[in-house]
Every structure is written in C-alpha cells, then in structure tokens.
Amino acid sequence: MVKPLVHIRMYREFKHLNLPAIDAEILQFWQDEKIFEKSVSQRPAGKSYVFYEGPPSANGKPGIHHVMARTVKDIFCRYNTLKGHRVERKGGWDTHGLPIELQVEKELGITKEDIGKKITVDEYNQACRNTVMRYKDLWDDLTRQMGYWVDLDNPYITFENDYIESVWWLLKRLYDKQTTAGESYLYKGFTIQPYSPAAGTGLSTHELNMPGCYKEVSDLSVIAMFKVRRNDASASFFDSPDEDVRILAWTTTPWTLPSNVALTVGPRIEYVKVQTYSPYNAMPVSVILAKDRLSAYFNPEHESLPMEPFDTAEKKPAIPYRIVKTYSGKELVGLQYEQLLPFVATPELDANGFKVIGGDFVTTEDGTGVVHTAPYFGADDMRVAREAGIPMIGIPNEKSPELPFPLVDRQGKFVEEMGDEFGGRYVKAEYYSKEVTSDKEFKSTDLLLCLKLKEENKAFKIEKYVHNYPHCWRTDKPVLYYPLDSWFVRASAAKERMAELNKTINWQPESTGTGRFGQWLENLQDWNLSRSRYWGVPLPIWRTEDGSEEVCIGSVEELSKLVDQSVSAGFMESNPYAHYHNHVGDKGVDLHRPYIDDIVLVSPSGKEMRRELDLIDVWFDSGSMPYAQWHYPFENEEVFKNNFPADFIAEGVDQTRGWFYTLHAIGVMCFDSVAYKNVVSNGLVLDKEGNKMSKSKGNVVDPFDTLSTYGADATRWYMLSNASPWDNLKFSVDGILETRNKLFGTLYNTYNFFALYANLDGWKHNEQKVMDYKKRSELDRWIISKLYSLVAEYRKEMDNYEPTKAARAIENFVDEHLSNWYIRLSRRRFWKGEMNEDKEAAYQTLWECLMVTNQLMCSLAPFFSDWMYRNMTAPIREAAKANNTPLRHESVHLSDLTRPDPAKIDTALERRMDYAQRICSLALSIRKKEKLRVRQPLQKVLLPVLNSSFIKEVDEVKELILSEINVKELEYITDASGLLKKKAKANFKTLGGKLGKDMKDAAAFIAELSNEQINSLEQNGSLEMSLNGTSYSLNTEDLIVSTEDLPGWKVATDEGLTVALDVTLSEALEAEGVARDLVNRIQNIRKDKNFNVTDRISVQIEQHPAVKGAVEQFGDYIKSEVLANSLSLSDSAAGDPVELNDSVTLNIQVEVS
RNA sequence: AGGGCUAUAGCUCAGUUGGUUAGAGCGCUACACUGAUAAUGUAGAGGUCCCCAGUUCAAAUCUGGGUAGCCCUACCA
C-alpha cells in the first residue's frame, strides 16, 4: 500500500504529557469562550440542581485542604450539569467575626477603646472591610487554577447591608415565632460564660483557646464540710441523736463557697459514711464521700486505731476512722444541709436550696465525688441546679426576682452585702495591684475564707492545688465563669423537628448525620447568639432602659419608619434612613456598629429605646445564606424559591456543628424545611506522615506550588481517588505522581496512539455513520460492553455521592481493560494494512471508548478531559455543528452525559473475555517459568474443561488467546478424553447452613471424593453422604469441582481454571521463532535509522545456520512484517552487528529501497 | 469527660448478606516485550487483618471490652 507522503495532522500529536500546560491552555479557552457561563445558561432554568457555597473567609490564605474541599463541591456540580441540570453556583465571602477584629486591631496597634478616639469609626470600619478581603485575589487565583467553577463575579458578602437586612428579617421571624407555650424563639436570658473582670468583657471559647491562655497555676483548694440537716428525709443517715453528719465537697475556687446552693453527686457513684474526727480540732464527726476517694484522705492503717480523739498538737496526727454505711448517689439526692457561709439567704433558699442533687458529670477522679455547686459561677452548676429547681443565691433583683445579682460584681469584687470582712474584696488575688499583694500582711480572699471555715469547724482539708486555669488573653489575669446576659435562639424547642427532618437528609458519610450530628441534635441546647463585639451583624433589638418595652426590627424600611417617629418624639435629630427606598442597592448608611448604635427609637409609651449592644454569632450569618444571598424576601423571591433547599452542600466535617447546623437550624425554625438534601462532609488533609498540617510544624503544602507543578487534574484526581473524601487524606506528592503516570499518562498514550494512526489514515469519526456493533469484532464488542458497564457504574456511584468509587472504576477501566487489553491486542489492527472494515471498527471503537471515558472523567479532571475532547473533535466540529449532532459542543462540559445503554452490555461476552484474559495470563506464566519467550511460537495449549458451555464460550475468544500467547492450536480435555482427573472442594456457603457442626467432617469427606464419585454426582444430581450418624444429600451446587494437574504437562491453575502448555519445539517452530526474532531486530534497525514508518526497505542478512531455516521458510512473512521489498542471505552482508541470541551475532544490512 | 472516625503487605487503599489460598496499585526483586518507547507486560517476595474475650461448624467481617491516632464539643468541682 502507498500511504500519503505527508499526512495531514488533523489530530494534535504531542511529545510529552504536560498537565500544567494543558491547564493553562484550557483555562484560557474557558475564559475566552465563557464556557462556565454557557454551561449554566444553556441548561433549562426550571431544571435546577441547587448548590450552596459555604463561604470562606478571605482574611487567611487558602491551603491545600481547600483544594480538596472545593474539588468535592466542583465535581457534583459539574456532574449534574452534564446530566442536564442548571447548576447556579453563587460564590460567597464570610466577612465577620472575631479573627478579623483582632487582626485589624493588631495591625493598627489599637484596642476597642481607641475606636472613635485614635481612629474614626469610618476608618475602623473600612479597615475591617479591607482586611476581610485581603487575600481575595489569592482565593480567586486558586479557584481558577484548580478549575473550581463558581460565580466569582456576583458573590454574596456577609457584611453588605442587603445581606444584613435579610439576617434581620430572619431574626425577626424567630422573634415573632412562638412555641406552643407562648415563648418567643428569640429571647434574652443569661448563661455562665468566661468573663474577664479586668477587661470587663465576656470571652469566647475561641479566645480561651488562644495560645497561652490556659496556664498552670497554684490555687488554694479546700474540702468543706456541709452539715446535714436533720429531718424526716435524713433520719436514716443518723445513727445517734447527737451525731454530726457532714458531706465533704472539694473546690479550687473557695470564693464561690458563699454562693453555694447545692451539692452534686453522681447517681451511680457509691458513697460511704465514715465516722472519724475533724482533722483541725479533733471533734467527732461523720463524713460522707465517694467510696473511691476514701483512700485519698484516710490511711487504711488508721482504721484499726481505737476510736478516740487524737492530739491536735501533733504535726501529722493519726486519725482513727470507721466506715459505717454505704449509700448510692441516688440515695443521697434530696438531703438538705445547712448553708455553709450564710452571708445571704432567703426563705425560698432555705426551703428549696442547700440540697444534694444528681449530675452525670460527677467523677471520682479527684475531690470527694461530691461537687460544690454555685450556679452563677459554673455552666454545669447552672444546668444541674436549674434542672433540679434549686433557686439562685444573690442580692435581690427587683426586675427579675428569680435571678438575683451575684455575690461578685463585674469588677470581680464581693458585693458590699457580704459584710465588712469580705465586701469589696477582689475574689482573685491577681486582680489586686502589685503594691497590695506584695505586702507581707496581704492575704487572698480565698485564704481568708479558708481560715474562716477552719475556725468554724467547716474545713476538712486545705491545701495548694496545681491545675490549668484559663486566663484572659488581653489582661493575662484569670477569668471567672460569670453570669452574663445573652440573647438566645430557642433551638431546644425545635429539636424534635430538627431531628426528624435530619433523617431525610442524605449524609455522606452516614455516621456523621446519625452520630456526630444526630446525637448532638437530641441533646440540643439553646443557641447563644450574643457576642460583645464590634464587626458583625448587630442584633436588631431596641429596648427601653427598664426592659419593659422592646422592638425587633426586620427590615431597614421598618427601622426607617420608627426613626421617623423617634425624630418626631425628639429623640433623634434626623433620620439617616430617610432616603431609603425599598430594596435595591446599598442603603447609604452602614448597618454596622457603631452607626446603628446612634439610632434611638421611641417606644409605644413614649420612652427612649436603645439597641441591645450585642452582635450576633457569625455562624448565624453563614447559616442565613440560602436567604440572604438573594436578599430574600426583599428581592428575588422567584430565584429563592427555585434555589431552596439545596440539593447538595459539602464542607469539612468540622462544620458539622458549625455551618451544617446553622443552615439546618434556621431552615427548620424559619421555614420548617431542610436547608439541604445531600451533604458531604470531608475529612482533614494531613501531611504524608499523618500529622495535621500547621505552620509551626512547617509541613504546610502550598496549593499553588502543587497545582503548578503537577497540574490541577492530577491533584484533584489523586485527592478523590486515594481515599473517600470523608476519611482523612495523608497528602503525598508521590500519590499525585502515581495518578499522573498511571491514569493520565495511560490516557495520554492512548490518545497519542490514536492520533498517530488516525492522522496516517486520515480517519475521521462520522456521527452519521456509526458502524453497527454487530459487525464489529468480539474484542470491540467486549470493550464497548465494558465501557457501558462503566457508564452505569459511574453514574450509580456519583448519584450516591461516592466519588472515590466512581474514580476508581474509571481508573480500573482505563488501565486494566482499555489500555492493557484492548489497545494491546488491537495495536496491529491500526498499523497493518489498508483501511478496511476491521480497521474502521477498531477506530470507531477506540474513538468511542476514549470519548466516553473522557466525558465521564470530566467532572473530576476538567482540564485534561476538555483538552482531549477538543483534540479529538476538532476535525469534525464543523460537520457536527452543521448536522446538529452531539459533538457540536465546543467543550466537553457543555455536552450531555452518555446514557447507560443495556443493549451494549453483554455480560456473557464479558465473562468469556475474562476467561481469555485468565487463560492468557496462566499460559504466559508457564512460558515465564519455562523461559520460553513469547516470540517463540508453541504448538498447543490444553484446557481441561468441566462443561460444554465453557468450550462454547472459549471458542469465541480462541483466536485472541492463540495470538496473544503465540500458540498454534487450542485443545480441550474433557471427561471423554480419559485424561481428566477431577477434585472437589466443599462449598461452605451452601453447605454451612444445613450441616452445622458436621461441616468440618464434610469438607474432609468431599476432599476425598474420587473421580468416579464426582462423576456420579454430576450425572445423578445428588450424592449421599453419611457423617456422624446423619446422612445428607449433596447436590451439584454443594461441590466446587476443579481439575487435577495433568501429569507430564506444564500446568498452571487459578480459581478453577487450568491451562497446560505443550512446550516441545519442532524445527519449524524454532525457525518461526527465529523469523520473529529477525523481524524484531530489523524493526529496531529501522527505528534506529529513523526511517519513516512507511518506508520500503531491502534487507541483507549474514549467512548463518541459525537463520537459514527462518529465512527460507518464513522469508515472505519477514518481508511483509518489515515492509521489505527484498530479503536475502549473503556471506558478505555489511551493516550492523546484531545479537540474535546469547550465542549468535550477525550482521544485518537495512537500506531504503 | 461526651460523641464521632480510623486501624488489613514497606506505603496508599479494596474486601459484598460471616464461607476456607485475604486482594489491588505503588515501591522492591527478577524476567519479558519493543510499530504505545521518557512507555508496556509477566512473575516473585512481602500479612499476628491493632489487642483480648465472646457468638458460630466457620470471624478481617458480628457482639463486648481494651489500645493507639485523629476530629468535634465541653471543660473539671
């Protein structure tokens, strides 16, 4: 055949795979042609797949874990686009929160107090806005470079007035919503929070977790003795009329003892009453404490001492004791005791306070197993006390009698009502100035209290105790846990509904939804919204000073109207919102603090109302995004309705109680709806060793380096294929390299292979003339079947939000089936001979495989796929456009996902090809063992077979097998041959159930079955077996029959398949082997000399006995294989010395003829 | 402290309703192939399936109890 001398390069050919270059090329293409925009707009608006972007904060740099998180987001959006949905992806920025305030203050070198003094409010505000968008460009770069498609041009930004207004609207909705008991969903209450008296502000847990805040300090601890009151309930605790029974409770904060109202015990903990003497004055006393803690305070050796008072003058007195009784914690609950330090008391407290109550949090690790409980100074304390109905203790509060003022004021001092001795004293020594504490006479309040207890015979043990205690990051002084006013969302009232709706959400992985999230929902507490901050959404609630009247504002319009009234009432001079016209654009006046704090409203009764100074938790901001991103309900009502709830969201698993929760909570409480239907929570990205990435460890991976070195696709693919997104990923560039070489390298080679020959043959795909699959070869139909099996599997996994399984299915297909089998066996069809039907079939089949695989891959590997799609379809684009066929699309991302096609799947074909592959593998392994190179033809391969259907199936793929393993004929050995020896193995699965205990014996029995017995079973369908006196009937399914090795043959077996190879070499076979060697050597020479693939040549081979037979018998074969016009043996062949085998080297001359 | 995840080959991971030779890729060793060639194939070595106990004829798989690593939440009287 004569091929065109200069072939037209329709398909681009490449020297090397360069993924970053592909990224750049495709990125440019996407940008120029607005492919992302088209991928959204060309899909019908009514058929939406809704995705919510969890807003990142741009005041930190993006890390490699963001590539992971965003890949997960991206692939499902792209996938559903290909399935025909319109997938709007509005970007967003989280802009509020403490970290931003801290950063601004650090950069400006100011504190909160300086705002309005050293810098103007405007400046501060502007600084926050700038800081929060500091790395926006970097984020945008990452977004583009990694191929994350999200709308960056119209993001929602949480600090914008429109956004804030929507949040207000939601808050108002909660404010107006009432529980069945008539309680508002937004209410003011108070909780125990970390509080820094020195700074005069509450602290968040975030602040407490800042480095260095928890410090090891030595505090004075005391075990106090609480005297049990004698009454009907406690009668059984007294053994004699004058017995003094005390309960021991330990504290490291003696200053909270005056506020004690209860003692908490563990209901399941065992307690003992011990008769002994008070350690400081030797008075007889009976003490109650946890049994497990006994040994910490009593020396067992002293139990046998006579029961008499010890000498208090002794330094380390031996104190006798006796264990008198044992109680469970439950039995103690309800006991009343005398107030320990009666500075303040009420009749109500006497009646209902000073009680033993139960609490699950009590342990016996230290202390006495009894927890001194002062509700105002401990969150746990408050909770258990409330549950048990214990009244609060403190200075009467007229406004809310049930919540008296605490005995410690906001400066950290005891209130005056504590009397001369303690009133006005700082409860912590650290709050005093150094001058005061350096005085030798100075005694801390804790110490004074302890001494008082000792004196009054109320102390059991006083000692220094070293523990970790949180400190204020600003003042470095210890924090107090202190009751502070807060606004709450009554989430607890909606918890059943939240749990119920949660069950309708598809969580990936499921355990996060049922476990981490679900269990947490069941124990949901109210949501503390208040933050004493500056840069955030202001709480839109105005109150009169006495709290008797208040208003919650749900829109700027509403606010403006009230301001007008306020102006009329003379509380304000003018209305900054006067020019506010509903809805569109910014409102002109910033809704942030402190501008908003200047707004004074007038109450219905004509009183002045000022805003509650709190901001709201930033988590409420982000949970509001489904509504606020559209400025709903003020605008975009239709858009919102089409985009709620989300079909899909994805974030890190750390967002479970963050964004996942706030979305859910707001959705359920405000709309009685889930906010999302499917959620993927991805795990952490760790370093190679499995350590968390952190700046201090220096193991942080720069995403930009990674992307620009290895390309986005390899990085993305690696991250998703290596482990499920919800498992932690041990990030390693070796893994990316592996992905690059294995998957993309293979595909790239496959493409180049295709392009090379398609260019030579001038082959173009014609969508109008697809060859009937029935006309194609077995191999073609097989790979097509595999391909459509892959389509089905891929879609199933993606629909289940299992991207890792989807990715692995593709990898397996590309490597195992397409490259390693189909291409390998088909290579010859492409370069051999002229265009004919078989060659056409090969081209069409390979084309389809590449195109479909590539399309499946495009969600995960958007760049490479589009690159390949464009390379492959460039020659036919115009025709496709003209005919309006599927390949008219300029980008794979605009195409429609290939549909599963059961008609193209042939499982029987897949099975027999599997046989072929395994038979070849076995035959090759025999060759390998026998050191018989594949180029050496062999005469015969034998297959012992057990059933005729197997023969029929293998016959279909016989030619394939023979050519692959280079063997002349295939012969089956059946029962009839008499050569076949069978053996049987028990089928545990079918037999196990019915045999039970006899299973082991049965296995032995079956293994011993003779050939005849097996045959008889196969013929009769059953066989009797008697074991341990029971007889069983075996059927054919109960046995797994295989064949024994054939004596005298070279044999290999694998799972029931046995292959034997005839390894004797005839002269003709050897000559043919040499001929093939010669072909190989001549081809090498052609290549060394850079001949064109189509050049015709002439060949002279040096005369040698080793090649004589080969050239004589197989000369024509050699000539045709190497495109030689002439082939001759010559005594004087010039040319290159070539090693034919270990012992023979000869000259071969090859020239273009 | 509570909740969750993970533990299988040197590394990264599969492993169906429990079923008898526990797999793949990478790496390593050896070989083969050479019209995919900065490729490819085949084979080999490599396992206390984290530990202990239980259920069962049978456990990597189910149950209970531990251990280790990690995450979230809470924070200690």
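Below, chain A is the first sequence line, B the second, and so on; all start at residue 1.
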Item checked: Contact under 4.0 Å: A/Arg657 side-chain N or O vs B/rU73 OP1/OP2 -> no
Margin query: Under 4.0 Å, heavy atoms only, any strand: does A/Asp998 hit a base, just the sugar-phosphate, or nothing?
Written below: nothing
Check: Between B/rG10 and B/rU6, how far is it from one P atom to the other, in whole Å?
Finding: 22 Å
Margin query: I need the CD1-P distance between A/Ile223 and B/rA77, as an integer number of Å.
Written below: 13 Å
Notebook entry, point to check: A/Lys742 has a side chain; which of B/rA77, B/rG25, B/rU40 sits nearest to it?
Noted result: B/rG25
Note to self: Counting the atoms with a prime plus P, OP1 and OP2 as sugar-phosphate, which does A/Arg828 contact under 4.0 Å by heavy atoms, base, sugar-phosphate, or nothing?
What the structure shows: nothing
Next item on the list: With P as the reference atom in both, quote the distance from B/rU61 to B/rC70 in angstrom, rounded to an integer.
Entry: 25 Å
Next item on the list: Could you tell me whether the phosphate oxygens of B/rA43, OP1 or OP2, come under 4.0 Å of any side-chain nitrogen or oxygen in A/Ser921?
Entry: yes
Margin query: Just to be sure I understand the rule, does A/Phe377 reach a base, reach only the sugar-phosphate, or reach nothing, if contact means heavy atoms closer than 4.0 Å?
Written below: nothing
Check: Which nucleotide sits closest to the side chain of A/Gln1083: B/rA36, B/rG35, B/rG3?
Finding: B/rG35
Next item on the list: Compare the minimum distances between each of B/rA77, B/rU6, B/rA36 and the side chain of A/Ile823, then state the nucleotide with the smallest one.
Entry: B/rA36
Item checked: N or O in side chain of A/Lys688 less than 4.0 angstrom from B/rC11 OP1/OP2 -> no
Checklist line | Atom pair distance, as rounded to whole Å: CD1 in A/Ile736 and C1' in B/rG25 | finding: 16 Å
Item checked: Distance, C1' atom - from B/rG64 to B/rU55, rounded to whole angstrom -> 11 Å
Next item on the list: Would you mind reading off the distance between A/Asp734 atom CG and B/rC13 atom P, rounded to a whole angstrom?
Entry: 13 Å
Notebook entry, point to check: Quick one: which of B/rC76, B/rC72, B/rU42 gets closest to the side chain of A/Asp654?
Noted result: B/rC72
Notebook entry, point to check: According to the interplanar angle, ranging from 0 to 90°, do the rings of A/Tyr718 and A/Phe731 count as parallel (below 30°), tilted (30 to 60°) or perpendicular (above 60°)?
Noted result: perpendicular
Margin query: Closest approach to the side chain of A/Asn749, judged atom by atom: which nucleotide of B/rC13, B/rC70, B/rA36 is it?
Written below: B/rA36
Next item on the list: For the side chain of A/Lys985, starting at C-beta, report the closest nucleotide among B/rC76, B/rU21, B/rG2.
Entry: B/rU21
Check: When the ring planes of A/Phe753 and A/Tyr757 are compared, do they come out parallel, tilted or perpendicular, using 30° and 60° as the limits?
Finding: perpendicular
Check: Within this structure, what is the CD-to-P distance between A/Glu510 and B/rG4, rounded to whole angstrom?
Finding: 13 Å
Notebook entry, point to check: Separation of A/Asn682 atom CG from B/rC5 atom C1', in whole Å?
Noted result: 14 Å
Note to self: Within the 4.0 Å heavy-atom criterion, would you say A/Thr656 contacts the bases, only the backbone, or no part of the nucleic acid?
What the structure shows: nothing
Next item on the list: Specify the separation, in whole Å, of atom CZ of A/Arg293 and atom P of B/rC76.
Entry: 18 Å
Notebook entry, point to check: When you match A/Lys805 and A/Leu995 each to their closest nucleotide on RNA chain B, which lands nearer the 5' end?
Noted result: A/Lys805
Check: Per the ring-ring contact (aromatic ring centres under 6.0 Å, His included) rule, which among A/Tyr482, A/Tyr376, A/Tyr481, A/Phe377 passes with A/Tyr195?
Finding: A/Tyr482
Note to self: Does atom NZ (A/Lys997) have a neighbourhood of more than 12 heavy atoms from anything else shown, all under 6.0 Å?
What the structure shows: no
Notebook entry, point to check: Taking all non-hydrogen atoms of both residues, which atom of A/Ile390 and which atom of A/Ile357 are closest, and how far apart?
Noted result: CD1-CG2, 3.9 Å
Next item on the list: Considering only atom P, compute the distance from B/rG19 to B/rG15 and round it to an integer number of Å.
Entry: 13 Å
Check: Between B/rC57, B/rA36, B/rU6, which nucleotide gets closest to the side-chain atoms of A/Met999?
Finding: B/rC57
Next item on the list: Can you tell me, in whole Å, how much space there is between the C1' of B/rC26 and that of B/rA14?
Entry: 15 Å
Item checked: Residue A/Lys1000, side-chain heavy atoms: nucleotide from B/rC72, B/rG41, B/rC57 that is nearest -> B/rC57
Notebook entry, point to check: Would one find a side-chain N or O of A/Lys997 under 4.0 angstrom from OP1 or OP2 of B/rU56?
Noted result: no
Item checked: Options B/rA14, B/rG19, B/rG41, nucleotide nearest the side-chain atoms of A/Lys989 -> B/rG19
Next item on the list: Mind checking A/Trp250 for me? I need base, sugar-phosphate or nothing, with any heavy atom below 4.0 Å counting as a touch.
Entry: base
Margin query: Using a heavy-atom cut-off of 4.0 Å across all strands, would you classify A/Gly735 as base, sugar-phosphate, or nothing?
Written below: nothing
Note to self: Can you check the distance between B/rU48 and B/rA77, where both ends of the measurement are the C1' atom (answer in whole Å)?
What the structure shows: 45 Å
Next item on the list: Answer yes when A/Arg824 and A/Glu964 have at least one side-chain N-carboxylate O distance shorter than 4.0 Å, and no when they do not.
Entry: yes
Margin query: B/rG4, OP1 or OP2 - any side-chain N/O from A/Ser511 closer than 4.0 Å?
Written below: no
Note to self: With a 3.5 Å distance limit and no angle check, can you tell me whether A/Asn728 reaches the backbone of A/Leu684 through a side-chain donor-acceptor pair?
What the structure shows: yes
Notebook entry, point to check: Can you tell me how far C1' in B/rG54 sits from the matching atom in B/rG47, rounded to whole Å?
Noted result: 25 Å
Check: Closer to the 5' end of RNA chain B via nearest nucleotide, is it A/Ser819 or A/Arg516?
Finding: A/Ser819
Checklist line | C1' atoms of B/rG3 and B/rA24, separation to the nearest Å | finding: 34 Å
Note to self: The side chain of A/Val653 is closest to which nucleotide in this list: B/rC71, B/rG2, B/rG41?
What the structure shows: B/rC71
Checklist line | Side-chain (A/Ser221) to main-chain (A/Asp219) donor-acceptor, under 3.5 angstrom | finding: no
